[in-house]
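Worksheet: the structure to be examined is printed underneath.
Scope of the values below: all heavy atoms of this structure, side chains included, with no hydrogens, waters or symmetry mates. Treat the numbers as computed from the prediction; the structure is a model and nothing was measured.
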Amino acid sequence: MAKKHKTTSSYLATNNKVRYNYAIGETFDAGMELTGTEIKSVRAGQITIADGFVQVRNGEAWLDNVNIAPFAQGNQFNHEPLRSRRLLLHKREIQAIEKATANAGVTAIPLKVYIKHGFAKILIGIGTGKRQYDKRETIKKRDQERDLRRKFKR
């Protein structure tokens, strides 16, 4: 009898404001190149992706401005919290991100961080900034959907 692999897809960190501030189009799943103390901190949920962004430099995708707190039991080999981390993507995915972010007003933003088969993964979205009236429309639609759910629930 074959063993079933247990997969956990609970999110360790989510960027809650990103769908409010950006219209997300295409998404990519990427691995992160982490050191030993970094992965221990990520598994403990000590990661903040709210201010993070993705840049393509020299044909490689880099995750910048993401804070991974130092590991509590770490010693002199503990990591720097805000260092740039390389993302593990296929070449065609890196080229697609680079091509999309070359346009003005388009950026690559981390959406969620999770563990899959023991590896830290990050969901990256290609987004364009919303204007103020777009944000108001989003709030209006959300309120209307909430009211409809309340009416049908009764």
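Residue Arg131 places its CZ atom among 12 or fewer non-hydrogen atoms of other residues, nucleotides or ligands, all under 6.0 Å distant. For Phe28, the CZ atom sits in a packed shell: over 12 heavy atoms of surrounding residues, nucleotides or ligands are nearer than 6.0 Å.
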Ile124 and Leu111: CA distance, side-chain angles, deciding distance, side-chain contact (heavy atoms from CB on, under 4.5 Å) verdict:
CA-CA 6 Å; Ile124 300 165; Leu111 304 174; over 6 Å; no
Check the pair Asp147, Arg150 against side-chain contact (heavy atoms from CB on, under 4.5 Å), reporting the backbone distance first and the verdict last.
CA-CA 5 Å; Asp147 291 341; Arg150 282 184 192 154; 3.7 Å; yes
| said: Go through it in stages, so that I can follow the logic: the residues are Leu82 and Ile68, the test is side-chain contact (heavy atoms from CB on, under 4.5 Å), and I'd like the CA-CA distance, side-chain angles, deciding distance and then a yes or no. | reply: CA-CA 7 Å; Leu82 286 173; Ile68 298 178; over 6 Å; no
| said: Between Ile126 and Thr27, is the side-chain contact (heavy atoms from CB on, under 4.5 Å) condition met? List the steps. | reply: CA-CA 6 Å; Ile126 305 296; Thr27 60; over 6 Å; no
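Phe53 and Trp62 fall into different hydrophobic clusters, where Ile, Leu, Val, Met, Phe, Trp and Tyr side chains are chained together by heavy-atom contacts under 4.5 Å. Leu89 and Val56 fall within the same hydrophobic cluster, where Ile, Leu, Val, Met, Phe, Trp and Tyr residues are linked whenever their side-chain heavy atoms come under 4.5 Å apart, directly or through other members.
Atoms CD and NZ, from Glu145 and Lys141 in turn, are 8.5 Å apart once rounded to the nearest 0.5 Å. Note that CZ of Arg149 and NZ of Lys153 are 9.5 Å apart. Values are rounded to the nearest 0.5 Å. The structure places CG of Asn65 at 8.5 Å from CG of Asn67, a figure rounded to the nearest 0.5 Å. Between atom CG of residue Asp134 and atom OH of residue Tyr20 there is a gap of 10.5 Å, rounded to the nearest 0.5 Å.
The backbone N or O of Arg19 lies less than 3.5 Å from a partner atom in the side chain of Lys130, making a donor-acceptor pair.
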Anything under 3.5 Å between a donor and an acceptor, one on a side chain of residues 94-110, the other on a protein residue two or more places apart or in another chain? List them.
unit_1 : atom_1 : unit_2 : atom_2 : d
Thr101 : OG1    : Ile97  : O      : 2.9
Thr101 : OG1    : Glu98  : O      : 3.4

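Between Lys140 and Asp143, no side-chain nitrogen of the basic residue sits less than 4.0 Å from a carboxylate oxygen of the acidic one, so the salt-bridge criterion is not met.
Scored by the side chain to side chain contact (heavy atoms under 4.5 Å, CB included) test, Ala44 finds Gln46 as partners (sequence neighbours excluded). Among residues two or more places apart in sequence or in another chain, the side chain to side chain donor-acceptor pair (under 3.5 Å) test is passed with Arg136 by none. Not counting sequence neighbours, the partners of Lys135 by the side chain to side chain donor-acceptor pair (under 3.5 Å) test are Asn21. Shown here are the salt bridge (charged side-chain N to carboxylate O under 4.0 Å, His left out) partners of Arg57, two or more places apart in sequence or in another chain: Asp64.
No hydrogens or angles considered: a donor-acceptor pair under 3.5 Å links the side chains of Tyr114 and Asp29.
When every heavy atom of Met32 is checked against every heavy atom of Ile122, the shortest pair comes out as CG-CG2, 4.0 Å. Of all the heavy atoms in Val66 and Gly52, the pair that sits closest is CG2-CA, 3.8 Å. Contact detail for Ala13 and Ile49: the closest heavy-atom pair is O-CD1, 4.0 Å. Among all heavy-atom pairs drawn from Pro70 and Ser41, the shortest one is C-OG, 3.7 Å. In terms of heavy atoms, Gly125 sits closest to Ile24 at CA-CG2, 4.1 Å.
For residues 31-47, every residue pair satisfying the salt bridge (charged side-chain N to carboxylate O under 4.0 Å, His left out) rule, not counting sequence neighbours, is listed here: Glu33-Arg86, Glu38-Arg83, Glu38-Arg85.
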